[in-house]
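The structure under discussion appears below in the form of structure tokens.
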Amino acid sequence: MSAVPPNGTTPLARREARLAWGLLAPTLVSVALVVVLPLLAIFWISFKPIGLADLRPPAPILRESVRGAGDDLRVEYRLRNSSQDIEVTGVTLSDTLPEGVALRGDLPAPCTLSGRDLTCPIGTIEGGYNERIIIPLVAEDADRTEELAESSLPTVSGQSDSILTNTTFTLDNFARIFDGDEFWGVFGVTLFYTVFGTIGALSVGLFAALLLNKSFRGQGILRGLYLFPYVAPIIAVAFSWLILFDPFSGSANALLIQMGVTNGAINFFGERPLALIMVTVFEIWRYFPLSFLFILARMQAIDTDMYEAADMDGASPFQKFWYLSLPQLLGILSVLFLLRFIWTFNKFDDIFLLTGGNAGTRTLTVNVYEQAFAVSNIGAGAAVAVVIFLCLLSFSVFFFKFMSREDGL
Amino acid sequence: MTHIRRGYLTAAVIGALWTVVIATSVAITMSFATGDAFRPSVLQALVMGAALGMVLLRVPQRGFAMAAAVALFALTLGAGFGPMLTDGVGPVALGIAALLAGLGTGWSLHVMFAEIRPGTLTRHEFEDAVIRFLTGFGYIFFTAIVAIPFYVMVMTSLKNQQQLVANPLDFSLDLTQGWGLFRSYYELFASYNFGTYMVNSLFISVMTVAITLLFSVPGAYAVARLRFKGQAVFSRSILLIYMVPIIVLALPIYIGFSMTGLRNTIFGILLIYPVTTIPVALYMLQGYFRGLPQEVEEAGLMDGLNRLQVIWKITLPLALPALASVSLYVFMIAWNEFLLAFMLLDDPSKFTLTRGIASLNSSEIPRQHLMAGAVVATVPIMALFLGLERFMTKGLTAGSVKG
């Protein structure tokens, strides 16, 4: 026996590993269902020629009505295909005739009656199919005709080729979104928004952190106040901004006109370069608190001895900031930059609520919504989503390299 | 550098810039508070501020500084020229403006000039004055940009349509109408179902917190304490989930829910919300669990508890502060969530507050109602936040990434 530590395959270790996976299982399963499955689905859909209307697969639709009376009594089944161009196969209609009625004359072509059960194997119906099937009947009691329709509901079954699950694939969606200048316009807007939004939020956050990195009365209150933009619901602050900067009755315009800065009203969220600048400013305003919080936490962890030593050496305040604080903050700043960059790239709600992607503010994420719901082309929306995902994948590789070095969070 | 580090020059430049800052902020404050026509005149503010700065450098007593500045503003406001210009403003408002601007300028210039004197300044003294100026500017700037949108939100909700159109700047309240001020809120709850939305939001948020904790506590414990293959990879990659944009997930979820009939159900929302918060909760909790002393748990194991009992009886009670932070943070995310609620809910009886506010955004509904809705959604989360700020700040820092 040599004195080697157990190599990790002892029964005890195995039991511990099993317990660990057991405890993690609920998380893993839920994440797989809600994150991984949709991600796979989006790749699948992006290769499908599918519109918003195709979400309901084509199906046979049946309406039953009782017509006529006495000798002319008949049941009419109106069968139609919900789709105009896709066929439904294996359509079968079945119904049960109530007691007290009998068949009068012949059944129409494919139908058969056994006992009281009526079955009509109609087979394939083309797109746009809309026909009536008439069953002539005679009733023992005229009053029972009402009951006819109500006594049993007819059923209809049939299979159709759902566009979601069949094996038709197409590259049209990608061809469509990369077609023309529109995509590069959208990409450029996304880059502008992401880069300036991130850098802006970081610099403003750094400034705010420098302000509050000293203890004085009211410091806690100010810190709480400066976090408001981030904590408040996005929808509340976005609408407040819209009302504040309204071109007709907004306070900001009234203020600017009164101060003589401008003569006419400015349409802040509706004019071409200005709208993009405004949504970027909104992004900075809403997310500077997050950077500020992190930078402040890091600043308060810096050793004060260093500053005392610098004071002894006669360093000026700006020198202390530039040569001592900034290098200490570089780690957190770069981690924050990467995180915020990815998050701003992913941002959807803000622009959607402020401009709806109009006036030159359509980013990639807004484009997903625009393609899928405004143009009703789910396939193209999914294709944009795939492009976003691939961009993020490349950011993440970069991010992981940094994360493992910095471990700042 | 030395030739610009003269005491008089520094005092003049800082005095000029600071007077512009104060004149602008007081003009904006007075405009927003009274609706009267106040505006700063940058050129005159620069000239008079420079002069004031040089005088204050000569006579540095605080009382004198404040008196001189108040006198300057009072005289110029009365005479109709100077740093702040007005148009048809009553004497009371003028007096208040002069007092505010004068005290603000005089007192802060006195503080900024504490280290400087006539003659050549050392680099230290010069930078110190500049930093004091920047600090003052920073406080005013940040307070203004944060407070103005919220001020507009609250004040708009208390006004009516005619008042809003007549003068968009006039946010003064007519206190004589008493409870009538709150009629927008009354209408929201009486005829727009905001009571239901609020109950829905509260229910969804609380359930999300509960489910998130139920899933993430065992997971976090496993990652923090138990040894298994892939533990290190796991504790890092859990955050990768956050790199996936919600809009990318929302599209297939919308399709799937449309086909299975889960759209328009609170149950469907409760299937999705917790999953968006579990990873970050797990990440925050595992960090905290790691910091707990392992010996206590080992003692428990020695005394015959199994792992689950250890989690329940030892780890969780010790981790209460962390659980509070995580709960608050998750509650905030669920309460503020907009996109999924917007896409998945169409039935007004199932709306959450954020979805309800989105439905108010139409040209037929007056905007004081929209703002009242915004206030209704904001106030509970702000109250929670201010009441439990310590936990919240910790939660935000540890939660780190969610935006």
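Only this structure's heavy atoms are used, side chains among them; waters, hydrogens and symmetry mates stay out. Note on naming: letters A, B, ... go to the chains in the order of the sequence lines (proteins, then strands), and numbering restarts at 1 for each one. This structure is a prediction, so every number in the text was calculated from the model and none was measured.
Side chains of B:Met343 and A:Phe373 form a contact here, defined as non-hydrogen atoms less than 4.5 Å apart. Between A:Glu16 and B:Phe228, every side-chain heavy-atom pair lies at or beyond the 4.5 Å cut-off. Within the 4.5 Å cutoff, side-chain heavy atoms of A:Pro233 are placed close to those of B:Ile381.
The main-chain N or O of B:Arg39 is never found under 3.5 Å from a side-chain atom of A:Gln258 such that the two would form a donor-acceptor pair. Checked by atom type and distance alone, the side chain of A:Thr27 pairs as donor or acceptor with a backbone atom of B:Phe215 at under 3.5 Å. A:Trp241 places no side-chain N or O within 3.5 Å of a backbone atom of B:Pro149 that could act as its donor or acceptor partner. Judged by distance alone, with hydrogens and angles left aside, the side-chain atoms of B:Glu127 form a donor-acceptor pair with the main-chain N or O of A:Phe318 at under 3.5 Å. Between the side chain of B:Asp128 and the main chain of A:Pro317, no donor-acceptor pair closer than 3.5 Å is present.
Summarising the geometry, atom CG belonging to B:Asn336 is positioned 10.5 Å from atom CD1 belonging to A:Ile235; distances are rounded to the nearest 0.5 Å. Put simply, CZ on A:Phe348 and CG on B:Leu339 are 5.5 Å apart, with the number rounded to the nearest 0.5 Å. Between the CD1 atom of B:Ile247 and the CD1 atom of A:Ile388 there is a distance of 8.0 Å, given to the nearest 0.5 Å. Rounded to the nearest 0.5 angstrom, A:Ser240 OG and B:Tyr151 OH are separated by 14.0 Å. With rounding to the nearest 0.5 Å, the separation of CG in A:Asp311 from NE2 in B:His124 is 6.0 Å. Residue A:Tyr230 holds its OH atom at 11.0 Å from CZ of B:Phe385, rounded to the nearest 0.5 Å.
Across all their heavy atoms, B:Ala222 and A:Ala20 have their closest contact at CB-O, 3.7 Å. Between A:Ser249 and B:Arg367, the closest heavy-atom pair is OG-NH2, 3.0 Å. Shown here for A:Ser316 and B:Arg123, the closest heavy-atom pair between the two residues is OG-NE, 3.6 Å. Heavy-atom minimum distance, A:Leu222 versus B:Thr143: CD2-OG1, 4.2 Å. Closest non-hydrogen pair, B:Val152 versus A:Leu244, comes out as CG2-CD1, 3.5 Å. B:Met332 approaches A:Val231 most closely through the heavy-atom pair SD-CG1, 3.9 Å.
The contact between B:Phe32 and chain A is made entirely by side chain atoms (from C-beta outward), counting heavy-atom distances below 4.5 Å. Of the atoms belonging to B:Ile145, heavy atoms from both backbone and side chain fall under 4.5 Å from chain A. B:Leu386 touches chain A through its side chain: at least one heavy atom from C-beta onward sits under 4.5 Å away, while N, CA, C and O do not.
A centroid separation of 6.0 Å or more is found between the aromatic rings of A:Phe207 and B:Phe141.
Among the candidates A:Asp349, A:Val31, A:Leu393, A:Ile378, the residue making the largest number of heavy-atom pairs closer than 4.5 Å to chain B is A:Asp349. Ranked by non-hydrogen atom pairs under 4.5 Å with chain A, the options B:Leu249, B:Val130, B:Ile272 are led by B:Leu249. When A:Thr344, A:Leu353, A:Val366 are compared by the number of non-hydrogen pairs under 4.5 Å with chain B, A:Leu353 comes out ahead. Between chain B and the options A:Ala254, A:Ser251, A:Ala385, the largest number of non-hydrogen pairs under 4.5 Å is found for A:Ser251. Here B:Met153 is the residue among B:Glu125, B:Glu337, B:Met153 with the most heavy-atom pairs under 4.5 Å with chain A. When each of B:Leu251, B:Thr24, B:Val223 is checked for heavy-atom pairs under 4.5 Å with chain A, B:Leu251 comes out on top. The candidate from B:Ile278, B:Leu214, B:Ile148, B:Val244 with the greatest count of non-hydrogen atom pairs under 4.5 Å with chain A is B:Val244. When the candidates B:Ala37, B:Ser31, B:Ala377, B:Ser258 are compared by the number of heavy-atom contacts under 4.5 Å with chain A, B:Ala37 comes out ahead.
Taking the six-membered ring for Trp and thresholds of 30 and 60 degrees, B:Phe150 and A:Phe228 have ring planes more than 60 degrees apart, a perpendicular arrangement. Using the six-membered ring where Trp is involved, A:Phe288 and B:Phe142 have ring planes that are tilted, between 30° and 60° apart. Between B:Phe342 and A:Tyr369, the ring planes are tilted. Angles from 30° to 60° get that label.
Pairs passing the side-chain hydrogen bond (donor to acceptor under 3.5 Å, both in side chains) check and including a residue from residues 217-226 of chain B, sequence neighbours excluded, read B:Tyr221-B:Glu297, B:Tyr221-B:Arg307, B:Arg225-B:Glu297.
Residues satisfying the side-chain contact (heavy atoms from CB on, under 4.5 Å) criterion with B:Leu308, sequence neighbours excluded, are A:Leu23, B:Asn306, B:Ile311.
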